Amino acid sequence: MAEHVKVIAQNKKARFNYAVEDTYECGIVLEGTEVKSVKAGNISFPDAFAEVTGNEVWVRNLHIAEYPFSSVFNHNPDRKKKLLLHKDEIKRIRRKVEEKGYTLIPLDFYLKDGRVKVTLGVCKGKKLFDKRADIKERDVKRDIARAFRNDLQR
């Protein structure tokens with residue numbers, strides 16, 4: 001069976017503010033109206049993070065808007081959601097997060113064969129000079145691409 005992947009949302013700010021060390025593909029436990037709302041793209045997670053509690057991984061500050069076409073039985077938009085990972089992956093993540101400076105950040109949400117998946121990143125915060133270096137590198141690449149494009153047009 002071929003994999004069909006449709007990206008729902010990406011956390012571009014996380015890649016700017018954090019250096020991503022490792023990534024994991026996770027499933028997420030959602031209620032019925034949450035799934036419909038996520039598939040519609042009504043998701044917001046700029047300040048979201050994940051934490052290891054016991055032998056489970058939970059994501060917090062993930063806002064999934066209420067589904068507008070549902071009845072009174074709607075979900076709580078700000079509840080914490082459980083992520084689905086293997087036990088050995090959770091152990092590896094726990095060891096890494098216990099080190100100083102590492103945190104778990106959801107990087108993007110996507111549909112894979114009709115199921116909602118999350119890419120969870122083990123990240124370390126960047127310093128201000130690292131961010132400035134990234135901006136400078138991005139500007140240099142843009143200038144090179146612009147010069148190359150102008151040379152081809154001549």
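Starting from 1, each residue takes its place in the sequence as its number. Keep in mind that this is a model prediction, so the values were computed, not measured.
With salt bridges taken as basic N to acidic carboxylate O contacts below 4.0 Å, one links Arg92 and Asp88. We find that Asp134 and Lys131 are not joined by a salt bridge, their nearest charged nitrogen and carboxylate oxygen being 4.0 Å or further apart. Residues Glu99 and Lys124 are not paired through a salt bridge, judged by the lack of any N-O separation under 4.0 Å between the basic side chain and the carboxylate. Lys80 and Glu51 are not joined by a salt bridge, as no carboxylate oxygen comes within less than 4.0 angstrom of a charged side-chain nitrogen. Between Arg146 and Asp143 there is a salt bridge, with a side-chain nitrogen of the basic residue lying less than 4.0 Å from a carboxylate oxygen of the acidic one.
Between the Asp108 side chain and the Ala9 main chain, no donor and acceptor come within less than 3.5 Å of each other. Under a 3.5 Å cut-off, the side chain of Ser37 and the backbone N or O of Ala65 do form a donor-acceptor pair.
When side chains are defined from C-beta on, Leu62 counts as touching Phe109, because their heavy atoms get closer than 4.5 Å. Taking 4.5 Å as the limit, some side-chain heavy atom of Glu21 sits within range of a side-chain heavy atom of Tyr102. The side-chain heavy atoms of Val38 and Leu30, taken from C-beta on, include a pair separated by under 4.5 Å. By the 4.5 Å heavy-atom criterion applied to side chains, Glu34 and Arg79 are counted as neighbours. For the pair Arg60 and Lys81, the minimum side-chain heavy-atom distance is 4.5 Å or more. Using a 4.5 Å heavy-atom cutoff, the side chains of Val122 and Val20 are not in contact. Two residues are said to be in side-chain contact when any heavy atoms from C-beta on lie closer than 4.5 Å; Thr103 and Val97 fail this criterion. In this structure the side chain of Leu84 never reaches within 4.5 angstrom of the side chain of Ile28, judged on heavy atoms.
Open room surrounds NZ on Lys36; 12 or fewer heavy atoms of other groups in view lie less than 6.0 Å from it. At most 12 non-hydrogen atoms from other residues, nucleotides or ligands lie less than 6.0 angstrom from CG of Asn55.
Rounding to the nearest 0.5 Å gives a distance of 9.0 Å between OG1 of Thr119 and CD of Gln10. With values rounded to the nearest 0.5 angstrom, Leu104 atom CG is found 5.0 Å from Leu120 atom CG. With rounding to the nearest 0.5 Å, the separation of CD1 in Ile64 from CD in Glu31 is 9.5 Å. Interatomic distance, CD of Glu56 versus CG of Leu85, reported as 11.0 Å (0.5 Å rounding). With rounding to the nearest 0.5 angstrom, the NZ atom of Lys39 is 8.5 Å from the CD1 atom of Ile8. Here CG of Asn17 is found 9.0 Å from CD1 of Ile105. Values are rounded to the nearest 0.5 Å.
No single ILVMFWY cluster, assembled from side-chain heavy atoms under 4.5 Å apart, contains both Val118 and Tyr18. Val59 is not connected to Tyr110 by any chain of hydrophobic side-chain contacts under 4.5 Å among Ile, Leu, Val, Met, Phe, Trp and Tyr, and they are in different clusters. Under the 4.5 Å side-chain heavy-atom criterion for Ile, Leu, Val, Met, Phe, Trp and Tyr, Trp58 and Ile43 are members of distinct hydrophobic clusters. Taking hydrophobic clusters as Ile, Leu, Val, Met, Phe, Trp and Tyr residues chained together by side-chain heavy-atom distances below 4.5 Å, Leu83 shares a cluster with Phe45.
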Legend entry - side-chain contact (heavy atoms from CB on, under 4.5 Å) evaluation trace for Leu111 with Val5: CA-CA 5 Å; Leu111 291 173; Val5 176; over 6 Å; no
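Nearest heavy atom pair, residue Tyr67 against residue Thr33, reads CB-O, 3.8 Å. The two residues Leu107 and Ala14 come nearest to each other via the heavy atoms CD2-CB, 4.0 Å.
Side chain to side chain, Tyr24 and Asp22 meet the donor-acceptor criterion of an N or O pair below 3.5 Å.
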